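Here is the structure we will look at, set down as C-alpha cells.
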Amino acid sequence: WLKILTEKGAKCTGLDLSEKQIKTAKEENLSDKIKYFVADASKKIKLEGNSFDIIFLEHVLLEISDLTKIKRIFNEVHRLLRKSGFLIVSDIHPLAPETNFDNIEVEKEYSYFKSGFPFKVISKKPDGSVTKYTDFHWTLEDLANSITKSGLKIVKVLEPNPTKETVKKYPYLGYRMNKPFAIMIKAQK
C-alpha cells in the first residue's frame, strides 16, 4: 500500500512490530517518500501528535489477542491524526468465522460473542502457495466501541466482495461472492 500511495504523490510512514517486516518493506519499496519505524502501535509512538492526514491499519487488529491493546492503538491513532484526519481499518470481517469458509478453521468452542477467540486462516495466494496463520476474533461491537471511545467518529463501513469479473480472473475468490470476508471502517477525528 505504501508503494501505491507514494506513486500517487503521498509521503508515507510505515510502522510494524517486526524488524523483519520493516526490512522486507524497505527492500521492496526503495522510495525516499517512505519512512519506516519498528514500534508497538499499542504504546506511545515516537512521532509528533496531530501530524497525519490518514492512518491505515491493514490486517492489524485481528492479529492482536488483547482488546486493551486494540483500544490503546485507537487512542494512539487519535493522538497522531490531524484534526479531520481519517483512520481506515481493513481486516477480516467479524462474521467470517461464522460463514463456514474452507479457509477458516474454528474450534468447537467458538462463539461469535467470545471476544479474542483464536481461529486459523488459510490464505491462498494467486501463485497457488498457501500461508496459515492465527487471528483473534473481535465482534463488530468490540471494534466500533474501541474506535468511538478513542474520540474518533465512524463515518463509513464497507463490506467489499469481489465482482463477477474479478472472480472470473481469480476463481479462488468465488467463495467471497455471497458471504462477508472483509470489512473496512472509515473513522474521522
Side-chain angles (χ1 to χ4, degrees), residues 1-7 12-31 34 36-43 54-67 69-70 73-74 77 87-112 114-140 142-143 146 157-185:
W1 288 107
L2 297 180
K3 184 177 180 181
I4 292 168
L5 291 168
T6 57
E7 288 171 356
C12 298
T13 302
L15 183 133
D16 200 289
L17 187 57
S18 164
E19 281 188 45
K20 183 179 177 183
Q21 288 292 87
I22 292 295
K23 182 181 177 197
T24 300
K26 285 179 179 179
E27 290 169 357
E28 291 181 10
N29 300 310
L30 301 173
S31 171
I34 304 174
Y36 294 97
F37 294 91
V38 176
D40 181 342
S42 69
K43 298 178 180 172
I54 300 170
I55 294 179
F56 183 51
L57 302 176
E58 169 73 19
H59 289 268
V60 171
L61 302 176
L62 290 164
E63 293 184 14
I64 299 170
S65 62
D66 180 358
L67 188 58
K69 283 187 175 184
I70 291 173
I73 288 171
F74 290 128
V77 165
L87 163 69
I88 307 292
V89 174
S90 175
D91 228 311
I92 293 175
H93 198 289
L95 285 174
E98 298 280 317
T99 57
N100 298 318
F101 287 132
D102 289 340
N103 65 328
I104 294 182
E105 298 173 357
V106 294
E107 300 294 325
K108 291 178 185 176
E109 299 82 26
Y110 169 81
S111 162
Y112 176 83
K114 282 189 178 180
S115 296
F117 195 88
F119 64 95
K120 300 278 186 213
V121 178
I122 303 151
S123 180
K124 300 173 187 173
K125 299 178 183 177
D127 67 4
S129 65
V130 173
T131 302
K132 192 172 188 178
Y133 54 93
T134 299
D135 272 344
F136 298 90
H137 169 70
W138 301 108
T139 66
L140 186 55
D142 292 328
L143 298 176
S146 296
V157 176
L158 297 174
E159 298 170 298
N161 65 328
T163 63
K164 289 179 182 178
E165 294 78 25
T166 300
V167 171
K168 188 174 181 179
K169 186 173 181 180
Y170 304 104
Y172 68 92
L173 292 176
Y175 70 95
R176 296 184 184 190
M177 286 292 294
N178 300 310
K179 300 175 188 176
F181 186 79
I183 191 165
M184 296 184 82
I185 301 170

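Please read all numbers here as calculations on a predicted model, not as lab measurements.
Annotation for I64 and F136: closest pair O-CB, 3.6 Å, computed over non-hydrogen atoms. Summarising the geometry of T99 relative to K179, their closest heavy-atom pair is O-NZ, 3.0 Å, with the distance given to 0.1 Å. The two atoms that bring T134 and P118 nearest to each other are CG2-CB, 4.0 Å, heavy atoms only. Minimum interatomic distance between F101 and A96 (heavy atoms only, all atoms of both residues): CD1-O, 3.8 Å. Looking at every heavy atom in both residues, Y110 comes nearest to P94 through OH-O, 4.2 Å. Taking both residues in full, the closest heavy atoms of L140 and Y112 are given as N-OH, 3.0 Å, listed atom of the first, atom of the second, then distance.
Side chains of D127 and S129: a donor-acceptor N/O pair is present below 3.5 angstrom, by distance only. When only modelled atom types and interatomic distance are considered, Y175 and D102 share no side-chain donor-acceptor pair under 3.5 Å.
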Checklist entry - Taking it one step at a time, do L57 and D91 satisfy side-chain contact (heavy atoms from CB on, under 4.5 Å)? => result CA-CA 8 Å; L57 302 176; D91 228 311; over 6 Å; no
Next on the checklist: Evaluate N103 against F181 for side-chain contact (heavy atoms from CB on, under 4.5 Å), listing each step before the verdict.
Outcome noted: CA-CA 10 Å; N103 65 328; F181 186 79; 3.7 Å; yes
Next on the checklist: Set out, in order, the CA-CA distance, both residues' side-chain angles and the distance that settles side-chain contact (heavy atoms from CB on, under 4.5 Å) for W138 and L62, then state yes or no.
Outcome noted: CA-CA 7 Å; W138 301 108; L62 290 164; 3.7 Å; yes
Item to check | side-chain contact (heavy atoms from CB on, under 4.5 Å) assessment of S123 paired with Y133 | outcome: CA-CA 8 Å; S123 180; Y133 54 93; 3.8 Å; yes
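The environment of I54 atom CD1 is sparse: at most 12 non-hydrogen atoms of other residues, nucleotides or ligands sit within 6.0 angstrom. For E27, the CD atom sits in a packed shell: over 12 heavy atoms of surrounding residues, nucleotides or ligands are nearer than 6.0 Å. Heavy-atom neighbours of Y170 OH from other residues, nucleotides or ligands within 6.0 Å: at or below the threshold of 12. A 6.0 Å sphere centred on CD of E7 holds more than 12 heavy atoms belonging to other residues, nucleotides or ligands.
With hydrogens and angles ignored, the 3.5 Å screen pairs a side-chain donor or acceptor of N161 with a backbone N or O of M177. Judged purely by atom type and a 3.5 angstrom limit, H137 has no side-chain atom pairing as donor or acceptor with the backbone of K114.
Once rounded to the nearest 0.5 Å, the distance linking CG of L61 with CG of D142 reads 10.5 Å. For the atom pair SG of C12 and CG of L5, the computed distance is 4.5 Å after rounding to the nearest 0.5 Å. The line from CD1 of I92 to CG of D135 is 4.5 Å long, rounded to the nearest 0.5 Å. A distance of 11.5 Å separates NZ in K43 from CD1 in I73, rounded to the nearest 0.5 Å. Residue E19 holds its CD atom at 9.0 Å from NZ of K26, rounded to the nearest 0.5 Å. For the atom pair NZ of K3 and CD of E28, the computed distance is 8.0 Å after rounding to the nearest 0.5 Å.
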